[in-house]
Amino acid sequence: MGGVSPAAASTGEHKDPRTIARKYQLELCKRAVEENIIVYLGTGCGKTHIAVLLIYELGHLIRKPSRDVCVFLAPTVPLVCQQAAVITNSTNFKVQSYYGKGKSSRDHEDWEKEMGENEVLVMTPEILLHNLRHCFIKMDSIALLIFDECHHAQTQTRHQYTQIMKEFYISNIGKPPRIFGMTASPVMGKGGSNKLNYTKCLNSLEELLHAKVCSVDNTELEGVISFPDMEVYTYSPLTQCNLTVTYNKELDHSKLQSEGILCESLNDFKDSQKKLKSLWRLHENLVFCLQELGSFGALQPFFFS
């Protein structure tokens with residue numbers, strides 16, 4: 001179990017996250033109260049505070065003596081600790097965090113006690129998936145389910161986010177939880193600049209989380225978010241010094257030597273062509289580095305290989 005205790009809820013000081021909220025955060029929260037949404041905003045734009053606002057607005061569903069809870073999922077232990085601390089510092093809810101092996105192997109009575117004492121449970125997705133599969137936690141006892149870095153939830157992956165939604169979320173039966181997702185980049189891995197892949201990932205997110213992607217125009221963020229100042233410096237073309245010319249000649253000589261060795265040692269034509277192509281590619285890359293970065297830049301791969 002994590003280190004965030006429910007003590008903050010008993011301080012007596014009423015904490016209202018709306019007092020420091022920005023207009024677009026309040027607007028997105030209002031929409032999240034009405035339907036499942038995925039907030040797509042850049043890093044530093046206050047996605048977590050929108051989640052805190054939503055927990056606050058739906059507080060009547062989870063505040064004790066209610067047996068329902070809010071489950072806040074974060075994919076890493078540091079994020080679990082960070083988000084649990086933010087919720088504790090921003091609200092009066094009883095917050096507890098769960099992570100690590102052994103924390104999910106409790107029995108039914110232990111989790112009944114945890115859900116009876118706490119209102120916001122922040123955990124890694126592995127723990128929730130384990131507890132759902134063992135019926136220690138049931139989906140109909142979760143009033144609000146929050147996915148931090150929800151871009152991990154893609155229909156074609158085996159990530160725990162995907163498994164939780166595919167195995168346990170049924171939108172038309174019982175009382176499914178309100179879903180709230182947060183991401184700064186809806187595209188996993190390479191292909192973010194590919195419009196087709198970008199659209200495919202967005203559609204996959206919406207389909208899996210039963211939610212709509214929502215964002216804010218940059219013009220609305222410019223007044224409240226600090227963007228870095230960028231300066232571009234243009235350098236004149238690299239002049240070829242005597243050392244660069246020498247290295248070029250050495251590379252060409254080494255290439256010819258290596259071609260001869262490969263042709264003599266390899267009997268299979270296809271295999272020799274494959275090795276030769278790799279050699280030519282290496283030669284081209286080294287010549288490019290030499291011409292664009294100079295001798296120092298071209299030699300770095302050898303130092304760090």
Side-chain angles (χ1 to χ4, degrees), residues 1-9 17 38-55 62 69-91 93-108 110-139 141-154 157-169 177 179-189 205 208-209:
M1 188 181 298
V4 178
S5 71
I38 299 162
V39 170
Y40 170 29
L41 289 174
T43 302
C45 293
K47 295 184 294 294
T48 299
H49 195 70
I50 300 172
V52 170
L53 288 168
L54 182 59
I55 296 172
I62 63 174
V69 296
C70 165
V71 173
F72 191 121
L73 298 177
T76 65
V77 173
L79 271 176
V80 167
C81 298
Q82 175 185 314
Q83 304 295 40
V86 169
I87 299 167
T88 300
N89 294 332
S90 305
T91 70
F93 292 107
K94 298 173 183 176
V95 183
Q96 190 58 270
S97 57
Y98 309 87
Y99 50 82
K101 293 181 179 179
K103 301 298 185 276
S104 59
S105 58
R106 297 162 161 267
D107 58 26
H108 187 269
D110 287 334
W111 281 105
E112 279 284 312
K113 182 180 179 183
E114 291 296 325
M115 296 181 69
E117 293 178 351
N118 300 294
E119 296 159 335
V120 181
L121 283 59
V122 188
M123 62 182 70
T124 53
E126 294 90 342
I127 291 181
L128 178 61
L129 183 60
H130 174 89
N131 288 327
L132 287 170
R133 285 175 173 172
H134 288 78
C135 295
F136 296 158
I137 297 176
K138 294 183 178 180
M139 191 64 93
S141 64
I142 303 174
L144 173 60
L145 182 55
I146 298 173
F147 293 85
D148 193 9
E149 300 206 358
C150 68
H151 50 269
H152 292 287
Q154 296 290 337
T157 70
R158 293 286 296 169
H159 192 272
Q160 292 84 3
Y161 282 178
T162 304
Q163 293 173 289
I164 288 168
M165 291 302 294
K166 282 186 174 181
E167 294 180 29
F168 297 101
Y169 187 86
I179 300 294
F180 181 78
M182 301 183 288
T183 182
S185 175
V187 179
M188 284 290 294
L205 264 181
L208 190 63
L209 295 183

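In terms of modelled atom types and a separation under 3.5 Å, the side chain of K47 and the main chain of V39 share no donor-acceptor contact. Looking only at distances, no side-chain donor or acceptor of T162 sits under 3.5 Å from a matching main-chain atom of R158.
A distance of 10.5 Å separates CG in L129 from NE2 in H159, rounded to the nearest 0.5 Å. Here the CG atom belonging to L205 is positioned 10.5 Å from the NE2 atom belonging to H152, to the nearest 0.5 angstrom. In this structure, CD1 in I127 is found 10.0 Å from CG in L121, a value given to the nearest 0.5 Å. We find the CZ-CG distance between F180 and L209 to be 11.5 Å, quoted to the nearest 0.5 Å. Here the OH atom belonging to Y40 is positioned 10.5 Å from the SG atom belonging to C45, to the nearest 0.5 angstrom. Going from atom CG of L79 over to atom OG of S97 covers 12.5 Å, rounded to the nearest 0.5 Å.
Nearest heavy atom pair, residue I87 against residue T91, reads O-OG1, 2.8 Å. Counting all heavy atoms, side chain and backbone alike, C70 lies closest to I146 at SG-CD1, 4.0 Å. Shortest non-hydrogen contact noted between L208 and M165 is O-CE, 3.3 Å. Closest non-hydrogen pair, P125 versus A74, comes out as CD-O, 3.3 Å. The shortest heavy-atom contact between Q83 and T48 is NE2-OG1, 3.1 Å. The two residues C81 and Y99 have their closest heavy-atom pair at SG-CE2, 3.8 Å.
Among D110, V71, V69, the single residue meeting the side-chain contact (heavy atoms from CB on, under 4.5 Å) criterion with M115 is V69. Checking V95, V52, L53 one by one against S90, the side-chain contact (heavy atoms from CB on, under 4.5 Å) holds for a single residue, V52.
In this structure, N118 and K94 have side chains that are in contact, with non-hydrogen atoms separated by less than 4.5 Å. A heavy-atom distance below 4.5 Å is not found between the side chains of L145 and Y169. Within the 4.5 Å cutoff, the side chain of I164 has heavy atoms near those of the M139 side chain.
Partners of F147 under the ring pair (Phe, Tyr, Trp, His ring centres under 6.0 Å) rule, at least two apart in sequence or in another chain, are Y161.
The 12-atom threshold is exceeded at NZ of K166, counting heavy atoms of other residues, nucleotides or ligands nearer than 6.0 Å.
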side-chain contact (heavy atoms from CB on, under 4.5 Å) assessment of V122 paired with Q96:
CA-CA 6 Å; V122 188; Q96 190 58 270; over 6 Å; no
Show your reasoning for whether side-chain contact (heavy atoms from CB on, under 4.5 Å) applies to Q163 and R133.
CA-CA 10 Å; Q163 293 173 289; R133 285 175 173 172; 3.2 Å; yes
